[in-house]
Amino acid sequence: MTTSSPLPVPPVQPGEPVRKETFSFTGDAVPPPAGAYSHATRWGSSVFLSGQLATDPATGELVGGGDLVAEAEQVRRNLEAVLGQFGLTLDDVLMLRVYLTSFEEFDGFNKAYRTWFRGPLPSRTTVGVTELALGAAVEIDVIAGIPETSA
């Protein structure tokens, strides 16, 4: 399913069978994919976001100039834009995977990262890699949960 930003994704309707739904978004808020993939896949009340790089949503170009913290802040904005399509925020994230090409600025990254959440931090894995698409210093993918209301 391709939707245009900023129209939110419709919620799963009660009683509907759970099935995989994939979403690609267009518009100025969400950057275009850097490869052949969807921005997100929803399975019931779980949303799996593809890894986001520090790309400018308008141009698809990498921003931040290799500065890990600057790139991470753009990644945060990109993640928020995709999550927002589902009416979610970073506080709805259950798990993040962070891919870094260098741990030299790891303390600065962690300091900035802690400010992204109002509540408890989600689970996280951080992996060192030799290279990322577009020459990025950081990539982050997330699994988020859609809050369910009790009947």
Side-chain angles (χ1 to χ4, degrees), residues 1-13 20-103 105-129 132-149:
M1 171 183 290
T2 300
T3 61
S4 177
S5 298
L7 301 175
V9 172
V12 174
Q13 297 301 313
K20 179 178 94 167
E21 298 175 274
T22 58
F23 300 89
S24 294
F25 304 104
T26 60
D28 292 336
V30 179
Y37 56 86
S38 299
H39 285 104
T41 300
R42 178 171 62 189
W43 178 264
S45 62
S46 297
V47 179
F48 303 81
L49 274 63
S50 295
Q52 289 292 312
L53 301 170
T55 50
D56 181 299
T59 66
E61 297 293 319
L62 192 66
V63 299
D67 177 273
L68 175 60
V69 174
E71 283 195 29
E73 287 300 324
Q74 182 63 48
V75 170
R76 175 190 55 80
R77 289 188 290 274
N78 294 346
L79 290 169
E80 289 174 331
V82 177
L83 287 167
Q85 300 300 306
F86 296 89
L88 302 174
T89 70
L90 285 169
D91 287 313
D92 297 304
V93 169
L94 306 171
M95 173 72 182
L96 290 100
R97 281 181 295 252
V98 179
Y99 305 90
L100 301 175
T101 58
S102 171
F103 281 83
E105 296 178 66
F106 190 58
D107 289 340
F109 169 79
N110 277 319
K111 184 177 178 183
Y113 172 84
R114 284 185 193 96
T115 68
W116 297 2
F117 306 93
R118 291 180 304 199
L121 298 176
S123 299
R124 183 179 100 180
T125 298
T126 304
V127 180
V129 298
L132 291 167
L134 306 178
V138 60
E139 180 173 352
I140 301 174
D141 66 62
V142 305
I143 301 170
I146 299 171
E148 296 180 2
T149 56

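- For the atom pair CD1 of Ile146 and CG of Leu83, the computed distance is 10.0 Å after rounding to the nearest 0.5 Å.
- Taking CZ of Phe106 as the reference point, atom NZ of Lys111 lies at 15.0 Å (rounded to 0.5 Å).
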Please output the side-chain donor-acceptor pairs of residues 46-58 that fall under 3.5 Å, not counting sequence neighbours, one pair per line with the distance.
unit_1	atom_1	unit_2	atom_2	d
Ser50	OG	Ser38	O	2.5
Asp56	OD1	Ala58	N	2.6
Asp56	OD1	Thr59	N	3.2

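- Distance check, rounded to the nearest 0.5 Å: CG of Asp92 to CZ of Phe117 gives 10.5 Å.
- For Gly128 against Phe103, the heavy-atom pair with the smallest separation is CA-CE1, 3.5 Å.
- We find the CZ-CG distance between Arg77 and Leu79 to be 11.0 Å, quoted to the nearest 0.5 Å.
- Counting all heavy atoms, side chain and backbone alike, Ser45 lies closest to Glu148 at OG-OE2, 3.0 Å.
- Not a single side-chain hydrogen bond (donor to acceptor under 3.5 Å, both in side chains) links Glu105 to another residue, sequence neighbours left out.
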Could you pull out every donor-acceptor pair under 3.5 Å between side chains of residues 94-102 and any protein atom, sequence neighbours left out?
unit_1	atom_1	unit_2	atom_2	d
Arg97	NE	Asp141	OD1	3.0
Arg97	NE	Asp141	OD2	3.4
Arg97	NH2	Asp141	OD1	3.0
Tyr99	OH	Asp141	OD2	3.1
Ser102	OG	Glu104	N	3.1

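- Under the 4.5 Å side-chain criterion, counting only non-hydrogen atoms from C-beta, Leu121 is in contact with Tyr113.
- Listed by first and then second residue, the side-chain hydrogen bond (donor to acceptor under 3.5 Å, both in side chains) pairs involving residues 115-128 are Glu73-Trp116, Asp91-Arg118, Asn110-Arg124, Arg124-Thr126 (not counting sequence neighbours).
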Considering only distance and modelled atom types, tabulate donor-acceptor pairs under 3.5 Å from the side chains of residues 60-69, sequence neighbours left out.
unit_1	atom_1	unit_2	atom_2	d
Asp67	OD1	Val69	N	3.3
Asp67	OD1	Ala70	N	2.7

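- Taking each heavy atom of Leu132 and Ala137 in turn, the nearest pair found is CD1-C, 3.8 Å.
- Side-chain atoms of His39 never come within 3.5 Å of backbone atoms of Thr26 as a donor-acceptor pair (strictly under, hydrogens ignored).
- Of all heavy-atom pairs spanning Leu88 and Ala144, the tightest one is CD1-CB, 4.0 Å.
- Remark: Tyr37 engages no residue in a ring-ring contact (aromatic ring centres under 6.0 Å, His included) (not counting sequence neighbours).
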